[in-house]
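Shown next, in C-alpha cells, is the structure this report addresses.
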Amino acid sequence: MKSKVSKMRLSREFYARNTVKVAKDLLGKTLVCKIGKKTISGVITETEAYRHSDDPASHAFRSMTERNKAMFGEVGHAYVYFTYGMYYCVNAVAKSKNFQAGAVLIRSLEPKDGIDAMRYNRKTDNISNLTNGPAKLTIALGITKTHYGEDLVNSPHLYITDEDSINGKIRVSARIGIKQGTEKLWNFKIKV
DNA sequence: AATCGGATCGTCT
DNA sequence: GACGATCCGATTG
C-alpha cells in the first residue's frame with residue numbers, strides 16, 4: 001500500500017457546480033504552472049465568483065464575445081483576460097448546468113514551489129509581495145494569453161490540485177474593483 | 001497607513 | 001473614444 005500525500009487534480013465535476021460554491025472550495029487548493037522544466041505553484045488564498053446574467057460585475061453579463069467566450073465554454077478550463085493595458089488575470093470556468101457562463105477569479109496565492117522563479121519573474125525579493133494580487137500571481141507563475149482556454153483537468157501546463165486543505169475560517173466580503181453587483185458577497189479568502 | 005496619479009492597450013460602445 | 005475584475009512608486013499625514 002502506498003501512503004502518499006494526495007496530489008489529485010480537481011475533476012471536471014468539481015467545476016460543474018454553483019460558481020459561488022466552487023469559489024469557496026478552491027481556497028486551500030494548489031494552482032500549478034509548468035513551463036519547460038520549471039514548476040511554479042501556490043496555495044489559493046483568495047477567490048471571487050463571477051456569474052452570468054444575474055451578475056452585472058461579470059465579464060459575461062451582457063453577451064458572449066471573443067474575449068469572454070471561455071466563460072461560456074466547458075467547465076474546468078482557464079479564462080485568462082488582459083486588463084489595464086498590461087496585466088493578465090486567471091479564472092477557472094465553473095458553473096452549474098442551469099447557468100450559461102461563470103468563472104472563479106484567482107486573486108491571491110501563498111507561494112509554494114518555484115519561489116526563486118517567482119522572484120525572478122516579479123523582480124522582487126519580498127516573498128509576501130510575490131503573489132498577493134490577481135495580476136501579480138499571473139506574472140509570478142508566467143500565465144499569459146497563451147493559457148487562454150487551457151483545460152485545467154488535462155493540461156500538462158496549468159492545473160489545480162487538491163494537495164492542501166484549509167484551516168481556519170473563510171472570510172466573506174464584497175468583490176474588489178467593481179461598481180455594480182457590490183451587494184453580492186462573493187469574495188472569499190483564508191488567512192495564511 | 002492611506003491616498004493619488006501614471007503606465008498602457010484590448011475590448012466594447 | 002472611454003474605460004477597466006490592477007500595480008507601483010511617490011507623497012502626505
Side-chain angles (χ1 to χ4, degrees), chain A residues 15 18-27 29 31 33 40 42 44-73 75-95 99-111 115 117-150 152 158 160 170-191:
Chain A
Y15 301 100
N18 185 327
T19 310
V20 176
K21 193 165 288 187
V22 174
K24 284 185 206 170
D25 289 350
L26 278 174
L27 296 172
K29 305 294 192 281
L31 177 64
C33 188
I40 312 181
I44 297 170
T45 54
E46 183 178 357
T47 61
E48 278 175 2
Y50 288 91
R51 295 205 306 205
H52 182 218
S53 48
D54 64 331
D55 182 8
S58 173
H59 287 167
F61 179 60
R62 296 181 185 282
S63 62
M64 186 166 72
T65 65
E66 194 59 25
R67 179 206 205 192
N68 66 20
K69 64 181 179 186
M71 288 183 73
F72 291 82
V75 299
H77 289 248
Y79 167 46
V80 179
Y81 67 90
F82 183 69
T83 192
Y84 290 104
M86 55 182 105
Y87 297 118
Y88 291 101
C89 295
V90 63
N91 296 245
V93 176
K95 65 209 176 196
F99 275 81
Q100 291 178 43
V104 176
L105 172 66
I106 315 280
R107 285 194 60 87
S108 78
L109 302 175
E110 174 70 7
I115 291 181
M118 290 190 199
R119 277 201 267 250
Y120 176 79
N121 291 340
R122 290 272 298 119
K123 303 184 188 351
T124 176
D125 284 332
N126 184 352
I127 292 187
S128 63
N129 193 33
L130 289 176
T131 53
N132 62 335
K136 294 179 185 180
L137 70 90
T138 58
I139 296 168
L141 301 217
I143 297 170
T144 68
K145 197 80 176 173
T146 63
H147 295 94
Y148 189 95
E150 195 86 9
L152 302 173
L158 187 65
I160 303 176
I170 296 176
R171 301 213 41 137
V172 178
S173 47
R175 293 169 291 178
I176 311 294
I178 58 167
K179 297 204 169 104
Q180 297 174 66
T182 54
E183 78 287 352
K184 291 178 166 57
L185 303 181
W186 288 354
N187 172 293
F188 307 103
K189 47 184 182 266
I190 52 176
K191 286 185 179 168

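We name chains A, B, ... by the order of the sequence lines, and we start the count at 1 in each one.
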Sugar-phosphate, base or nothing in reach of A/Arg67, heavy atoms under 4.0 Å: sugar-phosphate
Report the nucleotide, chosen from B/dA7, B/dT13, B/dC12, that has the shortest atom-to-atom distance to any side-chain atom of A/Arg62. B/dT13
Rounding to an integer number of Å, can you tell me how far A/Asp55 CG sits from C/dA5 P? 12 Å
Report yes or no: does A/His77 contribute a side-chain atom to a donor-acceptor pair with the main-chain N or O of A/Gly149 at less than 3.5 Å? yes
Under 3.5 Å, is there a donor-acceptor pair linking the side chains of A/Asn126 and A/Ser128? yes
Classify the nucleic acid contact of A/Ile178 as base, sugar-phosphate or nothing, counting any heavy atom under 4.0 Å across all strands shown. sugar-phosphate
Checking the side chain of A/Tyr148 only, and the main-chain atoms of A/Arg67 only, is there a donor and an acceptor separated by less than 3.5 Å? yes
For residues A/Ile44 and A/Thr47, report the shortest heavy-atom separation together with the two atoms involved. CG2-CG2, 3.5 Å
Do any N or O atoms from the side chain of A/Thr131 and from the backbone of A/Ser108 form a donor-acceptor pair under 3.5 angstrom? no
Pair A/Tyr50 + A/His59: ring centers closer than 6.0 Å: no
Give a yes/no answer on whether the side chain of A/Lys69 brings an N or O atom under 4.0 Å of OP1 or OP2 in B/dT11. no
A/Asn91 side chain to A/Val93 backbone, donor-acceptor under 3.5 Å: no
Basic-acidic side-chain contact under 4.0 Å: A/Arg107, A/Glu48: yes
Check the distance between C/dT6's P and A/Ile106's CD1 and give it to me in whole angstrom. 14 Å
Exam field: side chain A/Lys189 to backbone A/Leu27, donor-acceptor pair closer than 3.5 Å: no
Enumerate the protein-to-nucleotides 1-4 of chain C contacts in which both atoms are nitrogen or oxygen and the separation is below 3.5 Å.
unit_1, atom_1, unit_2, atom_2, d
C/dG4, OP2, A/Lys179, NZ, 3.1

Any donor-acceptor pair under 3.5 Å linking the side chain of A/Thr138 with the backbone of A/Ala135? yes
Atom pairs under 3.5 Å, N or O on each side, protein against nucleotides 7-9 of chain C: can you list them with distances?
unit_1, atom_1, unit_2, atom_2, d
C/dC7, OP1, A/Pro134, N, 3.1
C/dC7, OP1, A/Ala135, N, 3.0
C/dC7, OP1, A/Lys136, N, 3.3
C/dC7, O4', A/Tyr87, OH, 3.0
C/dC8, OP1, A/Arg122, NH1, 2.7
C/dC8, OP1, A/Arg122, NH2, 2.8
C/dC8, OP2, A/Lys136, NZ, 3.3

Under the 5.5 Å and 30° test, is A/Tyr81 stacked on the base of C/dA5? no
Going by distance alone, is a donor N or O of one side chain under 3.5 Å from an acceptor N or O of the other, for A/Asn18 and A/Arg51? yes
Taking both distances under 3.5 Å as the test for a Watson-Crick or G-U pair, what stems of at least three pairs does DNA chain C have? B:1-7 with C:6-12, B:9-12 with C:1-4
